[in-house]
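Here the structure is a predicted model, which means the values were calculated and not measured.
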Amino acid sequence: MNNNLFKLTFAVTAVALLSSGCSTVRYARDAQNEKNCENGERVMAFESTGLDATKPCSLEQLEAVALMASPQLLQARQAVVLAQLAVRDIDSSLVPTLDASIGYTYSGTDVSGDWTNVDGPIVSGNLSWLLYDFGKTSAASAQALANLTAAEHDLRTAENGTRFGVRSACFALRRAQELQSVAEESVSAYAEHLKQMQDRLEVGAVNSYAVTKAQVDFSDAKLSLVIASNSVKVARTSLNAALALIDAPELQIAEPKIDNYADKTVAQLMEIAYTNAPTLASLKFKADGAKHYVDKTIADLYPNLGINLKYDGSFDDDWISQVVGTAALTESIFSAGRKRRAIEAAVAQLRIARSAVAAEELALFNQLTTAHLNATRAIDQLNVAKESAQLAQENYNIVASRYEVGSASELERTDAQVALTSAKAAVVSAQYDYYDAQVKIANLIGE
């Protein structure tokens, strides 16, 4: 091999090595460019959501926006990518690896006063191949696959959590809006009552106390309206947070539609959760991965069988090559008990992982039972509240009629108005308590 041929070989090899990683490097450089940030790497602008602020938005539309914009979801998706890469890394352990180097050497030697130059190209290569490792790689691969599946279920958990956040925020906003409407009706009623008192005072039909009391009642109603209005603003802020938006306008929310689990028992809900709840599934696969890790630590007690093939070449006046091949069974003879302790630690991790599954089952059962009881209580309260609201309306109509003819006092009329307002607010609260319980059940069972 002459020097020109060597230089050509060197150039071709360098180009081949550099070009093999070009696509990956471009991918990495694109990721570094902040202009190429994906959804979730930065706060999404409202204009990018596709929502129409002039029309009522459905629950499904809002959920779709949150699933696009959520930073937590992007992190969960990238965790799946990392788990996939970990699987590929382990699967490549039994694939031969090849290292190569090519260079040029120049040296000068002083022999008996005569300076002699020696130069020429050098080439070396090393092939390593792990033939058998007594189950280390297969156990690690099984653990990585279990961790990958767990990461995928963690992604589902994040998605369900995002949907739950949007649903809860939507119902909280609608609850606040309906309570605001009740407060506005109350203000209107007290304003009308105050006007009547002022008119009657002018003709001497009532004394100044009646007007003062009407003014106090009107002020209390306005204060309740201020509180209700602020609750609406807070609920809108919470909805924006659930949507992962900052600049969202005051969106109109269409009538939400949710699944109804009133006909299912806690036992039936648990059966669904056992097969569908992503958090529980993730913990089960993590426990499975911990079991495979025990296999891996046990396999570490055994040696590795592999071969190594090394080639060295150099050129002076002539090309000189050397090839060395070895096959070896390698094992750590003394490790001061580290391998034994690694097995014991792996067993402890396995027990912890299984315990986490049991703890999640207990927590899931407790939360489902609580949500189911809350739903039952809310239904009963709603039925009672509706009856009470109807009776309160009838009572108010009677008292107002009696008041018009002077057979009822201002206090009786005020009490009837307060009772009617409270009854209407109770209907709203019971209705949305039921919705909240249904949304919580759906989140717990992974639907």
Any side-chain heavy-atom pair of [X] and [Y] under 4.5 Å:
| X | Y | result |
| --- | --- | --- |
| Leu350 | Tyr293 | no |
| Asn260 | Gln438 | yes |
| Asn383 | Ile379 | yes |
| Glu63 | Arg167 | yes |
| Gln61 | Val65 | no |
| Thr421 | Tyr396 | no |
| Leu251 | Leu243 | yes |
| Leu148 | Val80 | yes |

Ignoring hydrogens and geometry, is there a side-chain-to-backbone donor-acceptor pair from [X] to [Y] under 3.5 Å?
| X | Y | answer |
| --- | --- | --- |
| Ser355 | Arg351 | no |
| Thr370 | Asn366 | yes |
| Asp247 | Phe46 | yes |
| Ser92 | Val95 | no |
| Asn276 | Ile445 | yes |
| Ser141 | Thr137 | no |
| Lys296 | Ala139 | no |
| Ser70 | Ala66 | no |
| Ser238 | Ala169 | no |
| Ser168 | Gly165 | no |

If you round to the nearest 0.5 Å, how far is [atom2] of [Y] from [atom1] of [X]?
| X | Y | atom1 | atom2 | answer |
| --- | --- | --- | --- | --- |
| Asp220 | Tyr190 | CG | OH | 8.0 Å |
| Thr376 | Tyr434 | OG1 | OH | 8.5 Å |
| Gln349 | Arg354 | CD | CZ | 13.0 Å |
| Leu305 | Asp133 | CG | CG | 10.0 Å |
| His372 | Tyr261 | NE2 | OH | 12.5 Å |
| Ile90 | Gln143 | CD1 | CD | 7.0 Å |

### Message
Take a 6.0 Å sphere around CZ of Phe365 and say whether it holds more than 12 heavy atoms from other residues, nucleotides or ligands.
### Response
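Open: at most 12 neighbouring heavy atoms sit under 6.0 Å from CZ of Phe365.
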### Query
More than 12 heavy atoms of other residues, nucleotides or ligands under 6.0 Å from CD of Gln84: is that the case?
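Counting other residues, nucleotides and ligands, CD of Gln84 exceeds 12 neighbours.
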Looking at [X] and [Y], does any basic side-chain N land under 4.0 Å from a carboxylate oxygen?
| X | Y | value |
| --- | --- | --- |
| Asp288 | Lys291 | yes |
| Glu152 | Arg156 | no |
| Asp154 | Lys286 | yes |

### Message
For Ala342 versus Thr297, what's the shortest heavy-atom pair and its separation?
### Response
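Here Ala342 and Thr297 meet closest at O-CG2, 3.9 Å.
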### Task
For residues Leu245 and Met44, report the shortest heavy-atom separation together with the two atoms involved.
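Between these two residues, the closest heavy atoms are CD2-O, 3.4 Å.
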### Task
Please collect all salt bridge (Lys or Arg N to Asp or Glu O under 4.0 Å) contacts where either partner lies in residues 254-266, sequence neighbours excluded, each pair once.
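Matches after skipping sequence neighbours: Arg174-Glu255.
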### Check against side-chain contact (heavy atoms from CB on, under 4.5 Å), Asn374 and Asp433
CA-CA 8 Å; Asn374 287 340; Asp433 283 348; over 6 Å; no
